[in-house]
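Input: a single structure, listed below in structure tokens.
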Amino acid sequence: MFIPYEEFARRTDEIRARMTAACRLAGRDPLGVELLAVTKTHPPAAVEYAARYGLRAVGENRVQEGVEKRAQSTAAIAWELIGHLQSNKAGLAARHFDRVQSVDSMKLVLQLDRAAAELGKTLPILLQVNAGNDPAKHGVDPAGAPPLLEAALAGKNLRVDGLMTIAPLSTDPEVARRTFASLRLLRDQLATRFGTPLRELSMGMSGDLAEAVAAGSTIVRVGTALFGARE
Ligand SMILES: *Cc1c(COP(=O)(O)O)cnc(C)c1O
């Protein structure tokens, strides 16, 4: 059985308190970090909970699952794709998501731009970078980020909001710290070089959100700590 709303609200309060504490430690304004509720594998009720609590958006990692859940939902909330996107699903993603955080190839940039043009919309995106050089993770290599950004900025129907990363799985918090610091540095370098703010740094999940906030995260993507373990 899925958790009751009160349990979700209690957990969300607790995560927000952790985010605020991490902001205080880092001398940051807590309003500068958003909590994205990751509803993947959870029932449509998870999305309704997030909306009822007042969160701006939910994250789904699979296109098909997100599309189906959205069709069943009346929640006034934004939908973000955070999982790997195959280019043959680019059109579907452009149509049904409000932002795609997992853009990591030239092919995807071109297909999303074309799909957005056909839909007559501007699609906000983040570039996913494999900042931890983890062979198990998707994302463009840091060295490939400048040409990818250049192509994305040239896409007339794309709006590049920033960068996203997933830290390698590790019990050593230093691994996450290093990954987040390198994404932050890359963002700062790209913002200067291309003259664009790249305001969003989507980094940090249930297990490493404090490290991410310390390194400048503006979006933490949290699933397990809000909704419980996935099957
Ligand atoms: C599942 C997922 C999350 C949330 O992870 P939790 O550990 O459950 O908080 C965050 N980001 C991405 C890209 C995910 O796929």
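In listed order, ligands and their atoms are each counted from 1. When a residue number appears, it is its place in the shown sequence, counting from 1.
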With ILVMFWY side chains joined below 4.5 Å, transitively, what does Ile15's cluster contain besides itself?
Phe2, Ile3, Tyr5, Phe8, Met19, Val33, Leu35, Tyr49, Tyr53, Leu55, Leu209, Val213, Val220, Val222, Leu226, Phe227
If you link ILVMFWY side chains whenever their heavy atoms are less than 4.5 Å apart, which other residues fall into the same cluster as Leu169? By chain and number, please.
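None; Leu169 is a cluster of one.
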Should the pair Glu80-Arg99 be classified as a salt bridge under the 4.0 Å nitrogen-to-oxygen rule?
yes
NZ/NE/NH1/NH2 to OD/OE distance under 4.0 Å, Glu14 and Arg18:
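The answer is no: the pair does not qualify as a salt bridge.
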Salt bridge (Lys or Arg N to Asp or Glu O under 4.0 Å) contacts touching residues 23-39 (sequence neighbours left out):
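Applying salt bridge (Lys or Arg N to Asp or Glu O under 4.0 Å) to every pair that reaches into residues 23-39, excluding sequence neighbours, yields Glu34-Arg56.
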Does ligand 1 have any N/O pairs with the protein under 3.5 Å, and how far apart?
unit_1	atom_1	unit_2	atom_2	d
ligand 1	8 (O)	Thr224	N	2.8
ligand 1	8 (O)	Thr224	OG1	2.5
ligand 1	8 (O)	Arg230	NH1	2.8
ligand 1	8 (O)	Arg230	NH2	3.2
ligand 1	9 (O)	Ser206	N	3.1
ligand 1	9 (O)	Ser206	OG	2.5
ligand 1	9 (O)	Gly223	N	2.9
ligand 1	11 (N)	Arg221	NE	2.8
ligand 1	15 (O)	Lys40	NZ	2.6

With a 4.5 Å heavy-atom cut-off, do Arg199 and Asp161 have their side chains touching?
no
